[in-house]
Amino acid sequence: MYIEQQLITVIQQAFQQNFGLAVSHTDLSLQPTHPEFEGEYTFVTFPWAGRCQQRPEEVARQLGHWIKDQSPLISDFNVVQGFLNFTVADRVWLKQLAVICKDGQFGFLPSNGQRVVIEFSSPNTNKPLHLGHLRNNFLGHAIAEILKASGYEVYKVNLVNDRGIHICKSMVAYQQFGQGETPETTGLKGDHLVGKYYVQFDQVYKEQVASLTQQLGDRERAVKEAPIFLRARQMLQKWEQGDMVVRALWSTMNAWVYQGFEATYERLGIAFDRTYYESQIDLLGKQVVEEGLLQAVFYKKQDGSVWADLTGEGLDHKLVLREDGTSVYMTQDLGVADLRYAHYRFDRSIYVVGNEQDYHFEVLFKLMRRLGRSYTNNMYHLSYGMVDLPTGKMKSREGTVVDADQLIDEMVNVAAQYTQELGKIDDIPEEEAQQLYHTLAMGALKFFLLRVEAKKRLLFDPQASIDFQGHTGPYIQYTHARIAAILRKAQDAAIAYEGDILERHLALQPAERVVMMQLHKFPKKLREAAEAYSPAIIAQYVFELAKSYNRMYGEVAILQEREPMLRTLRVCLSATVARTIQRSMELLGITVPARM
RNA sequence: GCGCUCGUAGUUCAAUUGGAUAGAACGUCGGAUUUCGGCUCCGAAGGUUGAGGGUUCGAGUCCUUCCGAGCGCACCA
């Protein structure tokens, strides 16, 4: 039972007894007391002054007195204007610590029987993953973990965008300039090799457009008629017709890319329960469009293209099928939604997709509703902002993209350098050391990208991201490693938690009380994070927990404490902090080392 | 032009969903270890929350008008 809830129950009784008011549990809420005031929880009485027929101060005073007399929960209270501040009794904190210490699952919820499908990553198979994908992947993975911890049965799915004109661009360039290169002959990762040709296509295309524009004096025509572009279109048609040669090349190049992706996912620590390929689900969307036509949800233009009229809902007309009968983006998502429901019978379906798709999903959900899909209300677009660089926006064509693999390599180097300077792991095997550098690098990167609220755009400063001090992943990892060192020594000295600590009247230091309060907050933060689909809440929380511990570490002795009860208490507190850090970071997909 | 999102210390982010004197980190300056891991800790300086108006006991938060930024409004995905 959480302290806040207990306190609210008492306040409820206090209203009844002192003012004859029956107030519901949900109308009462507490907030943390500002540090400059005495106490831990604050109840605001301004809104109640009217119903109590008293000034806010007076209401606070009466409630405070009554609660202090009646409940062992608080040791003191004070009133500042309409703010009633409670000081929770040390014994209550100690008891709470005992509970958290014993309960290895503290804060995690038991199964609620609900299924969630979460789609993320969704790469195109024409170029390697970049920084933007990292934000997407980390978000998706973290939210999946958070929902699992909240009792959901979670399925992670990836929808690979493996068909379309952009794929053909890489293929055309490869055909023309590739000279039979393979990942093996070049030593390049498959996704990078294919990406190279995607870039090359664009260079050639630009040149052709430039010269053709001069020739024709018409840029618009040049854009549409550049030879290499025509070849790409032609190739797409052949692909649609199932041309053997084109399909073979497509399979080969896609296989290269998948191998490359697999390696990158592995480094990121990300995996999926199922992968969908757009090339395989083409038909489903078309069936949904057929169905919509029958229901008059869609209409057909004279040229044969199919549209939805959303002008009644303040939107515009939306194409759902081309005049030549081929699918567009929307067609596919209509089909995928059904397929996913058929596969999982989900209670919720989450799409982790960038905010440039906000409109697309708004339309998609409206269409699904019109089509009478009962699960529409359970679909959610988790929209996130772009990742910007200090130099401006990332543009693949201008080479300002931050490549994921390259970035990880750099971070690993920095981690190695810092770690060697610290010199705490000189005795461990090389393989383990490499593993550790990777752990630290990913910790820095993931924390950097997850600490910002998803919907906000995020500035990626390469300089700041490799910083290991301050508001960073490694700062938290370091805190964990330091506690782990203490615990190793405590074990050697046979200091362990003993249940009777809370029977003693131990006086807590303010810094210890703050740490306990932070620990106590974990379940609430997890709940908030799950409701808001927000890993940033966990990131914020775990940082504050680490900070509160580090402050305490500076103020009180732990193993050096002479009083055995206090020493035991602090070891127990340290162990609980370490475990909570570990579990919180795990929710973010970050591993914490025992040494670093 | 229309729609959506955003605007908070020099910089990057918070602000418990409408609560007290708007908080952290980085950077700057100044400190701390006879002791448990200094990738740590403590302190200082730094703000008209883009601007104006409104709602109320109380607004960074809600409404409104401007200003600025990003994204979208493709028979691309």
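Proteins come first, then strands; the chains are lettered A, B, ... in the order of their sequence lines, and each starts at number 1.
- Taking the side chain of Phe543(A) as heavy atoms from C-beta on, and the options C75(B), A24(B), G37(B), the nearest nucleotide is A24(B).
- In this structure, Gln560(A) reaches the bases: a heavy-atom distance under 4.0 Å links it to at least one base atom across the strands shown.
- Nucleic acid contact for Val328(A): sugar-phosphate only, since backbone atoms but no base atoms lie under 4.0 Å from a heavy atom of the residue.
- Remark: A69(B) base-pairs with U5(B); criterion is Watson-Crick or G-U wobble with both hydrogen-bond distances under 3.5 Å.
- Put simply, the side chain of Thr42(A) and the base of A20(B) share a donor and an acceptor less than 3.5 Å apart.
- Side-chain atoms of Val80(A) lie closest to A20(B) of the nucleotides U12(B), G38(B), A20(B).
- At the heavy-atom level, Lys489(A) lies under 4.0 Å from the strands shown only through sugar-phosphate atoms.
- One cannot find a donor-acceptor pair under 3.5 Å joining the base of A69(B) and the side-chain atoms of Asp388(A).
- Ring geometry for Phe447(A) versus Phe543(A): interplanar angle of 30 to 60°, hence tilted.
- Among the nucleotides C75(B), C57(B), G37(B), the one closest to any side-chain atom of Phe46(A) is C57(B).
- In U17(B) the base sits syn relative to the sugar, since the glycosidic angle is no further than 90° from 0.
- Residue contacts for Asp162(A): at a heavy-atom cut-off of 4.0 Å it reaches no nucleic acid atom on any strand shown.
- Lys238(A) NZ: 12 or fewer foreign heavy atoms inside a 6.0 Å radius.
- Not one side-chain nitrogen or oxygen of Lys547(A) sits closer than 4.0 Å to the OP1 or OP2 atom of C41(B).
- Contact between the side-chain N/O atoms of Asn355(A) and the OP1/OP2 oxygens of U5(B) is not found at any separation under 4.0 Å.
- Ring geometry, Tyr351(A) versus Phe365(A): the interplanar angle falls from 30° to 60°, so the pair is classed tilted.
- Each of G37(B), C75(B), G19(B) was ranked by its minimum atom distance to the side chain of Leu319(A); first place goes to C75(B).
- One can place CG of Leu458(A) at 16 Å from P of C6(B), the figure rounded to the nearest angstrom.
- Distances were taken from every side-chain heavy atom of Pro32(A) (C-beta onward) to each of U16(B), C13(B), C75(B); the shortest belongs to U16(B).
- Both distances falling under 3.5 Å, in either a Watson-Crick or a G-U wobble arrangement, place A32(B) opposite U40(B).
- Counting any heavy atom pair closer than 4.0 Å across all strands shown, Thr419(A) reaches a base atom.
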Side chain to side chain donor-acceptor pair (under 3.5 Å) evaluation trace for Asn126(A) with Ser170(A): CA-CA 6 Å; Asn126(A) 61 340; Ser170(A) 312; 4.8 Å; no
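- Ring geometry for Tyr41(A) against His520(A) counts as perpendicular: the plane angle is over 60°, on a 0 to 90° scale with 30° as the lower cut.
- Across all strands shown, Val306(A) has no heavy atoms under 4.0 Å from either base or sugar-phosphate atoms.
- One finds no side-chain N or O of Lys524(A) lying less than 4.0 angstrom from the OP1 or OP2 phosphate oxygen of U16(B).
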Stepwise side chain to side chain donor-acceptor pair (under 3.5 Å) check, Thr472(A) with Asp467(A): CA-CA 7 Å; Thr472(A) 67; Asp467(A) 199 337; over 6 Å; no
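- Distance CD1 (Ile558(A)) to C1' (G37(B)): 11 Å, rounded to an integer number of Å.
- Pairing of U56(B), defined by two Watson-Crick or G-U wobble distances under 3.5 Å, is not identified with any nucleotide.
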Audit row: Tyr437(A), Gln420(A), side chain to side chain donor-acceptor pair (under 3.5 Å) steps and yes/no: CA-CA 10 Å; Tyr437(A) 304 152; Gln420(A) 281 155 15; 3.0 Å; yes
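- Taking a 6.0 Å sphere around CD of Glu421(A), one finds it holds more than 12 heavy atoms contributed by other residues, nucleotides or ligands.
- The base of C2(B) lies outside donor-acceptor range of the side chain of Asp316(A), with no N or O pair under 3.5 Å.
- When heavy atoms are screened at a 4.0 angstrom cut-off, Tyr475(A) is found touching the sugar-phosphate backbone but no base atom.
- Applying the 4.0 Å criterion to OP1 and OP2 of G38(B), one finds that Arg482(A) has a side-chain N or O inside that range.
- The distance between atom CD of Glu555(A) and atom P of C42(B), rounded to the nearest whole Å, is 7 Å.
- Using a 4.0 Å cut-off between charged side-chain N and carboxylate O, Asp27(A) and Arg51(A) make no salt bridge.
- Ion pair Glu512(A)/Arg570(A) flagged as a salt bridge, since at least one NZ, NE, NH1 or NH2 atom sits closer than 4.0 Å to an Asp/Glu carboxylate oxygen.
- Here the P atom of nucleotide U16(B) and the CZ atom of Phe522(A) are 20 Å apart, to the nearest Å.
- Residue ring and nucleobase are not stacked for Tyr359(A) and G3(B) under a centre distance beneath 5.5 angstrom and an angle between planes beneath 30°.
- What separates NE2 of His360(A) from P of U5(B) is a distance of 18 Å, to the nearest Å.
- Listed candidates were C6(B), C39(B), C13(B). Nearest to the side chain of Arg451(A) is C13(B).
- With a cut-off of 3.5 Å on both pairing distances, the Watson-Crick or G-U wobble partner of G23(B) is C13(B).
- Among the atoms of the strands shown, none is found under 4.0 Å from any heavy atom of Gly554(A).
- Listed candidates were G19(B), U12(B), C39(B). Nearest to the side chain of Gln31(A) is G19(B).
- A gap of 15 Å separates the P atoms of A45(B) and G10(B), to the nearest Å.
- Residue Lys456(A) places at least one side-chain N or O under 4.0 Å from the OP1 or OP2 atom of A14(B).
- Look at Arg551(A) and you'll find a side-chain N or O under 4.0 angstrom from OP1 or OP2 of C42(B).
- An OP1 or OP2 oxygen of C57(B) is reached within less than 4.0 angstrom by no side-chain nitrogen or oxygen of Arg55(A).
- Using a 4.0 Å heavy-atom cutoff across all strands shown, Pro56(A) reaches no nucleic acid atom at all.
- Nearest to the side chain of Arg457(A), among C41(B), G70(B), C39(B), sits G70(B).
- Tyr553(A) comes within 4.0 angstrom of a base, heavy atoms only.
- Contact annotation for Gln540(A): backbone-only contact, meaning every heavy-atom pair under 4.0 Å involves sugar-phosphate atoms and none involves a base.
- Between the side-chain ring of Phe83(A) and the base of A20(B), a stacking contact exists by the 5.5 Å and 30° definition.
- For Lys301(A) and Glu36(A), each mapped to the nucleotide of RNA chain B holding its nearest heavy atom, the one lying further toward the 5' end belongs to Glu36(A).
- With C1' as the reference atom, U16(B) and G60(B) are 15 Å apart, rounded to whole Å.
- Pair check for G18(B) finds none; no Watson-Crick or G-U wobble contact set falls under 3.5 Å.
- Within the nucleic acid shown, Glu453(A) comes within 4.0 Å of sugar-phosphate atoms alone, with no base atom in reach, counting heavy atoms only.
- Candidate nucleotides A20(B), C75(B), C36(B) were compared by shortest atom distance to the side chain of Leu559(A), and C36(B) ranks first.
- The residue His34(A) sits close to a base: some heavy atom pair falls under 4.0 Å.
- Residues Trp307(A) and Phe460(A) both approach RNA chain B. Their nearest nucleotides, taken by heavy-atom distance, put Phe460(A) toward the 5′ side.
- Looking at heavy-atom distances under 4.0 Å, Asp461(A) makes no contact with the nucleic acid at all.
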